Asks: 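The structure that follows is given in the form of structure tokens.
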Amino acid sequence: MVASLLSPWASLPQASRGRRYADSAAPTRTEHQRDRDRIVHSSAFRRLVYKTQVFVNHEGDLFRTRLTHSLEVAQLGRSIARPLGLNEDLVEAICLAHDLGHTPFGHAGQDELNACMQDFGGFEHNLQSLRVVDYLEERYPQYDGLNLTFETREGILKHCSRANALKLEAQEPHGVAARFLTGQQTSLEGQLANLADAIAYNAHDVDDGVRSGLISLEQLQSVPLFAHFYTQTLAEYPQLAQPHAQRRLLYETIRRMLSAQVYDVIHTTRLHIAQAGVLHVDDVRACGQRLVCFSDAMQTQSQALKHFLFHHLYRHEQVMHTMDAARQMVRELFDAYMAQPSMMKPRFAWRAQQAASPAARARAVADFVAGMTDRYAAKEHARITGQQLLPAAMN
């Protein structure tokens, strides 16, 4: 976005705090545009196409993956950033990178890998996303990682425990984790990317849930946010009540639901900025509260939708059965690599074998497992154990 069109409280690309390693400027792109491009060309980004959102990839060609989810988050983020005069390129970069550290098999994979790592510092996919862009990507001869700007890295680290923040601060004083120790806020672009993530997955999980047959339009009538726009759509287009038109009815309901949330965030954020007297990006960081938010009414409705999806989709018996198998695979892969690191790819095997402590060895194993796609994890598990817990996922 042209700098002259940005709001005073936006993160200006020319005022970036820079990169960890000095890098010459690009003649045709801003620093945050370069971040976006580096992310899109990374190996971790391509792997997202075969990483679970809710449904494992083999369960249907049209279900969201981590890649399509990230694209939808970026689209929503830009749609909100532009009318607020925020740095769209920075928002897009953060949105595209926010899930780079996610494990195979969605949250089940993350939870199991965290359990495996309990004695070694734990595992958190958001922190792993930062680890991917700072260390694990290998694309440049001068340094590890993608060498992204401070603002993009800060936005990727959307939450962090105090213990992890202290570790990061020791490695990078006054760096991306400092705000978790000082009580400051991230940029408006970082706040927006975080909220766009929640808006996107609530909406597309409704779509995928209905497509899968695990939740129905009738069940969704108990969710006020969905029911309001469902009724509104039917009143305007009564022909969509016909069985053959149910997909159109669902799409239009979700579209209106998304639009209402987008407009609510824009209006509420403008109000918060005015009330807080924000005149500069430094005012945003010093503010004691997040400024990019839903209104109270929309927050209540969004939480009700999230609650519905948790109980009726994410905890559905069919989803849980698949996720139980996924947890077993992650656990057994971790244990196998800890016992015999040479089974991993050479780079990770070397790190584990040279590790100075059990924790360093475990971190090398966790990095390898977290980087796997669903189908690579299933194939590796079958190769090592002789079991095929999710045979279709291997195809």
Side-chain angles (χ1 to χ4, degrees), residues 44-45 47-60 63-73 95 97-118 121-132 156-161 164 193-209 211-212 214-215 302-303 305-334 365-378 381 389-390 393:
F45 186 73
R47 290 191 197 104
L48 295 180
V49 73
Y50 287 115
K51 289 197 175 190
T52 293
Q53 183 65 27
V54 174
F55 298 96
V56 179
N57 187 258
H58 74 276
E59 295 181 285
F63 293 130
R64 268 70 170 194
T65 65
R66 288 284 160 188
L67 180 62
T68 52
H69 163 68
S70 297
L71 294 173
E72 291 184 28
V73 175
C95 290
H98 82 282
D99 267 352
L100 292 182
H102 224 299
T103 61
F105 309 118
H107 287 284
Q110 173 189 271
D111 292 345
E112 192 59 37
L113 191 52
N114 182 45
C116 294
M117 290 290 291
Q118 275 305 295
F123 178 89
E124 203 285 314
H125 87 268
N126 183 242
L127 192 61
Q128 188 72 7
S129 293
L130 182 66
R131 188 168 170 79
V132 167
I156 291 171
L157 191 65
K158 62 184 181 181
H159 48 76
C160 185
S161 69
N164 284 329
N194 192 9
L195 188 54
D197 181 27
I199 296 172
Y201 69 65
N202 271 349
H204 62 51
D205 288 353
V206 168
D207 185 12
D208 284 352
R211 180 183 295 279
S212 71
L214 300 188
I215 57 177
S302 176
Q303 282 297 116
L305 174 56
K306 186 175 182 178
H307 181 81
F308 172 89
L309 290 169
F310 180 85
H311 289 283
H312 292 85
L313 181 60
Y314 310 145
R315 289 295 180 265
H316 191 282
E317 181 180 1
Q318 182 175 319
V319 173
M320 293 300 292
H321 175 74
T322 301
M323 292 302 103
D324 286 344
R327 287 189 181 92
Q328 181 180 341
M329 280 192 281
V330 169
R331 164 65 67 175
E332 292 178 352
L333 283 170
F334 182 88
V365 172
D367 286 339
F368 184 55
V369 174
M372 292 178 169
T373 63
D374 294 0
R375 62 181 183 178
Y376 181 71
H381 182 267
L389 300 182
L390 291 175

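Note that the structure is predicted; figures quoted are calculated from it, not measured.
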Asks: Between Gln328 and Glu332, does any side-chain donor sit less than 3.5 Å from a side-chain acceptor?
Replies: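 Looking only at side-chain atoms, Glu332 and Gln328 do form a donor-acceptor pair, the distance falling under 3.5 Å.
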Asks: Does any pair with a residue in residues 97-112 pass salt bridge (Lys or Arg N to Asp or Glu O under 4.0 Å), and if so which ones, sequence neighbours excluded?
Replies: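 Found Arg66-Asp99, Glu112-Arg331.
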Asks: Minimum heavy-atom separation for Asn202 and Ser302, please, with both atom names.
Replies: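 Answer, listing the atom of Asn202 first, then Ser302: ND2-OG, 3.5 Å.
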Asks: Under a 3.5 Å cutoff, is there a donor and acceptor pairing between the side chains of Asp197 and His69?
Replies: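 Yes - a donor-acceptor pair under 3.5 Å links their side chains.
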Asks: Which pairs pass salt bridge (Lys or Arg N to Asp or Glu O under 4.0 Å) with one or both residues in residues 307-318, sequence neighbours excluded?
Replies: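 Non-adjacent pairs meeting salt bridge (Lys or Arg N to Asp or Glu O under 4.0 Å): zero.
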Asks: Flag yes if more than 12 heavy atoms outside Lys306 fall under 6.0 Å of its NZ atom; otherwise flag no.
Replies: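 No, because the 6.0 Å sphere around NZ of Lys306 holds 12 heavy atoms or fewer from other groups.
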Asks: Which heavy atom of Ala377 sits nearest a heavy atom of Phe105, and at what distance?
Replies: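 In terms of heavy atoms, the two residues are closest at CB-CE1, 3.8 Å.
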Asks: Would you check if there is a donor-acceptor pair between the side chains of Ser129 and Asn126 at a distance under 3.5 Å?
Replies: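 No, because no side-chain N or O of Asn126 sits under 3.5 Å from a partner of the opposite role on Ser129.
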Asks: Can you check ring pair (Phe, Tyr, Trp, His ring centres under 6.0 Å) on His316 and His311, steps first, answer last?
Replies: CA-CA 7 Å; His316 191 282; His311 289 283; over 10 Å; no
Asks: With heavy-atom distances below 4.5 Å as the criterion, would you say the side chains of Tyr376 and Arg47 are in contact?
Replies: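 Side-chain contact under 4.5 Å: no.
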Asks: Is the backbone N or O of Gly106 less than 3.5 Å from a side-chain atom of Gln110, with the two atoms forming a donor-acceptor pair by type?
Replies: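 Side chain of Gln110 to backbone of Gly106: no pair is present.
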Asks: Within this structure, what is the CD-CG distance for the pair Gln318 and Leu313, rounded to the nearest 0.5 Å?
Replies: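 The CD atom of Gln318 sits 10.0 Å away from the CG atom of Leu313.
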Asks: For a 4.5 angstrom cut-off between non-hydrogen side-chain atoms, does Leu309 reach Ile215?
Replies: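 Yes; the side chains approach each other to less than 4.5 Å.
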Asks: Any non-hydrogen side-chain atom of Leu305 less than 4.5 Å from a side-chain atom of Val206?
Replies: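 Yes, close enough: below the 4.5 Å cut-off.
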Asks: Does the side chain of His98 come within less than 4.5 Å of Ser70's, by heavy atoms?
Replies: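 A side-chain contact exists here, since the closest heavy-atom pair is under 4.5 Å.
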Asks: Could you tell me whether Lys51 and Asp374 make a salt bridge, using a distance below 4.0 angstrom between a side-chain N and a carboxylate O?
Replies: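 A salt bridge is absent here (no side-chain N lies under 4.0 Å from a carboxylate O).
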Asks: Please list, chain by chain and in numerical order, all residues satisfying side chain to side chain contact (heavy atoms under 4.5 Å, CB included) with Ala198, sequence neighbours excluded.
Replies: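 In terms of side chain to side chain contact (heavy atoms under 4.5 Å, CB included), with neighbours along the sequence ignored, Ala198 is linked to Tyr201.
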Asks: So, for Leu157 and Leu127, which heavy atoms are closest and what is the spacing to 0.1 Å?
Replies: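 The pair with the smallest heavy-atom distance is CD1-CD1, 3.6 Å.
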Asks: Among all residues two or more places apart in sequence or in another chain, which pass the ring-ring contact (aromatic ring centres under 6.0 Å, His included) test with His312?
Replies: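 His312: ring-ring contact (aromatic ring centres under 6.0 Å, His included) contacts with Phe308.
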Asks: Where do Leu113 and Ala370 come nearest, in terms of heavy atoms and distance?
Replies: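 So the two residues come closest at CD2-CB, 4.0 Å.
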Asks: Is it true that His204 and Glu72 share a donor-acceptor pair across their side chains at a distance under 3.5 Å?
Replies: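 Looking only at side-chain atoms, His204 and Glu72 do not form any donor-acceptor pair under 3.5 Å.
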Asks: What's the spacing between Asn194 CG and Ile156 CD1 if we round to 0.5 Å?
Replies: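 Between atom CG of Asn194 and atom CD1 of Ile156 there are 12.5 Å.
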Asks: Could you go through His125 and Thr103, starting from their C-alpha distance and side-chain angles, then the distance that decides it, and tell me whether this counts as side chain to side chain contact (heavy atoms under 4.5 Å, CB included)?
Replies: CA-CA 7 Å; His125 87 268; Thr103 61; 5.6 Å; no
Asks: At their closest point, which heavy atom of Phe334 faces which heavy atom of Ala366, and how far apart are they?
Replies: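 Shortest heavy-atom separation between Phe334 and Ala366 comes out as CE1-N, 4.4 Å.
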Asks: Should Gln128 and Glu124 count as side-chain neighbours, where that means a heavy-atom distance under 4.5 Å?
Replies: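 Counting from C-beta outward, Gln128 and Glu124 never come under 4.5 Å.
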Asks: Looking at every non-hydrogen atom in both residues, tell me the closest pair between Pro104 and Val369 and how far apart they are.
Replies: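 Closest pair (atom of Pro104, atom of Val369, distance): CD-O, 3.3 Å.
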Asks: Would you compute the distance between atom CG of Leu100 and atom CZ of Phe45 and round it to the nearest 0.5 angstrom?
Replies: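 The CG atom of Leu100 sits 7.5 Å away from the CZ atom of Phe45.
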Asks: Got a sec, which residues hit ring-ring contact (aromatic ring centres under 6.0 Å, His included) with His159, two or more places apart in sequence or on another chain?
Replies: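 His159: no ring-ring contact (aromatic ring centres under 6.0 Å, His included) contacts found.
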Asks: Would you mind reporting whether Tyr314 and Asp205 have side-chain heavy atoms less than 4.5 Å apart?
Replies: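 In short, these two side chains touch, coming nearer than 4.5 Å.
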Asks: Could you work out, with ring-ring contact (aromatic ring centres under 6.0 Å, His included) as the rule, every residue matching His321, not counting sequence neighbours?
Replies: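 Checked His321 against ring-ring contact (aromatic ring centres under 6.0 Å, His included); zero matches.
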